[in-house]
Every structure is written in structure tokens, then in C-alpha cells.
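Sharing a structure here in C-alpha cells format.
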Amino acid sequence: QVCAQLCRRPCYCPWVPPRCPRGSPLVLDGCGCCKICARRLGEPCDFLHVCDQSQGLVCDYSAAPAGTGATCNFEDSEEGCEVNGRVYRDGEVFQPSCKLQCRCLDGGFTCVPLCQEDVRLPTPDCPYPRRVEVPGKCCPEWICEARDQHLLQDAAAVSPPLPYPCQEWGTEWSACSATCGVGFSTRVSNQNRYCRLETQRRLCMARPCPALPAASPAVS
């Protein structure tokens, strides 16, 4: 009876199909007659104005006892996940914060960090790196903390005990930079008074260089 009232034959459709907003595909209306823009999540719907079935949407009349005011909603049978009081459908990607990106999957969700979790080691030009929160930016950034030069000189003169045990770590000494004679060998180690990683160098000699052959005396 509804089809007889709403669906007229033959079809009278606009010559030019409507231009749909982004994310709303062109579909046939409820009569299977004219092309219309599929209704999206939360938008009003009825028999003619159908919802986007490719997104798993159906016309939900549960909140409209009189048959009016229906809206597009997900099917109840579809699994979803609830995060902070909000329900996400299966496969939906969302960001609970600017530092995380999550995906709803089979009733649960998995997240990946959006901020780099890199580690900055002390260097001669930046001996005291520190990670701080920057106003207006989501991810913390590394800065080079400036220490008072007098404090550095005092620390160099008197080495106070560290407040934590230093677990010694270091790489093997590299091969000598020279194949013969005096060269350099390097390694990275924290075996120093501050327990900080640093590049260390020492002199090395693989073997002595052979002596140059003596010049033969000139024959008169």
C-alpha cells in the first residue's frame, strides 16, 4: 500500500542527477526509480530517502513511534566498541586524543602513538637534552637545557656520588684507524663519572710501519 502511494509509474526524475556532499554516494530511492544522495549517519530518512547501506546504515524508526522523524543509524547486530562513553562501529578509526589513533575491531580497539618516542642521547653541543611540553603543540619536543657554567666547573672539580647505581655499558673498541703506525680506536661507553653515554678515543697501533729501503750508493 505504501509503494502504491509513494511510487508512481513511470518514473519522473530530474535530467541531471543531484550533486551529493562528500561521503554520500548516489543510490536509487526507495522506489528504485530515481537516483538520490544516500542519507548519512544521523540524517533524517524515510521510505524514499534511503540510508547509505554501504556504511551499514538503516533507517531507524525506534525513536519515531508515529512513523515520522526516523534517522539513519547502524544496525543493532553490528559489533562496536565504547570508549569514553562514545560508541564506535567496527572498523572505524578514531582519535581519543591528539597523541593516539585507535581502531575499533571485533568489539575491542587497538591504538598506535602519533608522537615519536625517540631518545636523544647527550652530545657535546647538547649535553643535557630534556623533553618538555610545548604550549600549542600536542607532542613534547626535545630541548637543550642550559646549565650554569659555574656549576659545571664545580661538578668537574668535585665528583659527587650518583643518586642511582650506574649500570656500566659500552661497545667494543673499533679497529685501529691506521693499518700501521699510530692510529685511533673508538667506542661508545658510559664508564665515566657522570654515567653518560659518550664517544671515547684511545691511541692504538696494529703494527709498526716497515722502514723505507735505504738508497743505494751512486756508482761512479
Side-chain angles (χ1 to χ4, degrees), residues 79-84 86 88-220:
E79 292 189 17
C81 52
E82 183 178 353
V83 181
N84 295 332
R86 182 174 176 180
Y88 299 92
R89 61 186 178 90
D90 190 64
E92 185 175 0
V93 178
F94 60 96
Q95 288 186 222
S97 70
C98 61
K99 297 181 180 180
L100 289 176
Q101 178 173 295
C102 304
R103 183 183 182 186
C104 180
L105 187 63
D106 297 333
F109 61 95
T110 57
C111 301
V112 293
L114 297 177
C115 297
Q116 294 184 356
E117 298 295 333
D118 57 336
V119 177
R120 183 167 180 175
L121 298 177
T123 56
D125 57 335
C126 185
Y128 300 100
R130 189 164 61 94
R131 205 169 191 181
V132 297
E133 298 288 341
V134 180
K137 292 187 178 181
C138 176
C139 300
E141 296 183 358
W142 287 98
I143 64 169
C144 293
E145 187 177 25
R147 299 290 182 92
D148 190 87
Q149 190 66 25
H150 296 292
L151 296 178
L152 292 178
Q153 293 177 355
D154 295 341
V158 180
S159 178
L162 293 172
Y164 54 90
C166 178
Q167 184 176 1
E168 293 187 354
W169 182 90
T171 62
E172 297 293 334
W173 288 100
S174 66
C176 198
S177 60
T179 57
C180 70
V182 179
F184 290 99
S185 180
T186 61
R187 73 170 181 177
V188 178
S189 173
N190 67 344
Q191 298 176 22
N192 51 62
R193 69 176 68 181
Y194 303 112
C195 194
R196 294 182 181 274
L197 287 176
E198 64 179 6
T199 301
Q200 301 173 347
R201 295 199 306 171
R202 70 177 181 182
L203 295 175
C204 60
M205 186 172 64
R207 60 185 178 88
C209 292
L212 295 176
S216 58
V219 179
S220 58

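Every value quoted in this text rests on a predicted model; they were computed, and no experiment measured them. Start at 1 with the first residue, then count along the sequence.
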Cys204 and Cys176: CA distance, side-chain angles, deciding distance, disulfide bond (SG atoms under 2.5 Å apart) verdict | CA-CA 6 Å; Cys204 60; Cys176 198; 2.1 Å; yes
Heavy-atom donor-acceptor pair, Thr199 side chain to Val188 backbone, under 3.5 Å =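 A pair under 3.5 Å: no.
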Might you point out which heavy atoms bring Ser174 and Ser185 nearest each other, and give the distance in Å?
->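 Scanning both residues, the minimum pair turns out to be O-OG, 2.5 Å.
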Ser177 side-chain N/O to Gly183 backbone N/O, donor-acceptor pair under 3.5 Å =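 No, Ser177 side chain to Gly183 backbone: no donor-acceptor pair under 3.5 Å.
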In this structure, are over 12 heavy atoms from other groups packed under 6.0 Å from Arg201 atom CZ?
->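 At most 12 heavy atoms, drawn from other residues, nucleotides or ligands, come within 6.0 Å of this atom.
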Are Arg103 and Tyr88 close enough that some pair of their side-chain heavy atoms sits under 4.5 Å apart?
->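 The answer is no, as the side chains (C-beta and beyond) never meet within the 4.5 Å cut-off.
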Nearest non-hydrogen partners of Cys111 and Leu100, listed with the distance =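 Closest approach of Cys111 to Leu100, heavy atoms only: CB-CD2, 4.4 Å.
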With rounding to the nearest 0.5 Å, note down the distance linking CD in Glu172 to OG1 in Thr186.
->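 Nearest 0.5 Å value for the CD-OG1 distance: 12.0 Å.
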Determine the minimum heavy-atom distance between Glu133 and Pro135, stating which atoms define it.
->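 In terms of heavy atoms, the two residues are closest at O-CD, 3.8 Å.
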Is there less than 2.5 Å between the SG of Cys115 and that of Cys139?
->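 The sulfur gammas are closer than 2.5 Å, so yes.
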Taking all non-hydrogen atoms of both residues, which atom of Ile143 and which atom of Cys126 are closest, and how far apart?
->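 Where Ile143 meets Cys126 most closely, the heavy atoms are O-SG, 4.5 Å.
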